[in-house]
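To start, the structure under review is shown below, and the notes come after it.
Note that these values count all heavy atoms, side chains included, but never hydrogens, waters or copies made by symmetry. Count residues from 1 along the sequence.
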Amino acid sequence: TLVPLEHSESGLASAIESLGTVSAGDAVLIPTLRSQPPLTIDESVPALGSVLESRMRALGATVDRMGACALVTPVSTTTDTPEVRLLCSGDVDAVCIGSPEE
């Protein structure tokens with residue numbers, strides 16, 4: 001478990017960088033809300049996840065975003081989804097989880 005001193009994207013990126021666990025060639029997966037727009041309305045404010053994404057790319061990692069959660073009532077209890085299969089495949093080196101409410 002990694003809890004950054006600063007509760008922000010930048011704080012999470014700094015904590016990951018200080019551990020030295022992400023390097024060139026690693027795959028980093030950033031889960032996002034499925035309904036999250038890719039851009040913010042105010043172009044002067046970075047989109048959620050963009051700070052973390054750019055800092056992981058600067059370390060040489062390949063970064064992918066995945067709509068991993070949504071604020072909806074479940075209609076199925078299946079765990080056979082593309083997201084679960086990807087996480088179980090062993091092809092993901094790191095998973096970053098955060099919330100804009102934190």
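- The shortest non-hydrogen separation linking Pro4 to Gly11 is CB-O, 3.4 Å.
- Results of the side-chain contact (heavy atoms from CB on, under 4.5 Å) test with Asp64 over Leu29, Val92, Val28, Ile30 single out Leu29 as the only residue that passes.
- The line from CG of Leu59 to CD1 of Ile16 is 9.0 Å long, rounded to the nearest 0.5 Å.
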**Asked** Going through the checks in order, is the side chain to side chain contact (heavy atoms under 4.5 Å, CB included) test met by Ser50 and Arg55?
**Response** CA-CA 8 Å; Ser50 62; Arg55 302 252 310 255; over 6 Å; no

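- The distance from atom OG of Ser14 to atom CD of Glu9, rounded to the nearest 0.5 Å, is 11.5 Å.
- Residue Leu19 places its CG atom among more than 12 non-hydrogen atoms of other residues, nucleotides or ligands, all under 6.0 Å distant.
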Determine, step by step, whether Asp26 and Thr21 satisfy the side chain to side chain contact (heavy atoms under 4.5 Å, CB included) criterion, reporting the C-alpha distance in whole Å, the side-chain angles of both residues, the deciding distance to 0.1 Å, and the verdict. CA-CA 9 Å; Asp26 285 346; Thr21 56; over 6 Å; no

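- Within the 3.5 Å criterion, the main-chain N or O of Thr62 finds no donor-acceptor partner in the side chain of Arg57.
- Counting all heavy atoms, side chain and backbone alike, Asp91 lies closest to Ala27 at O-CB, 3.8 Å.
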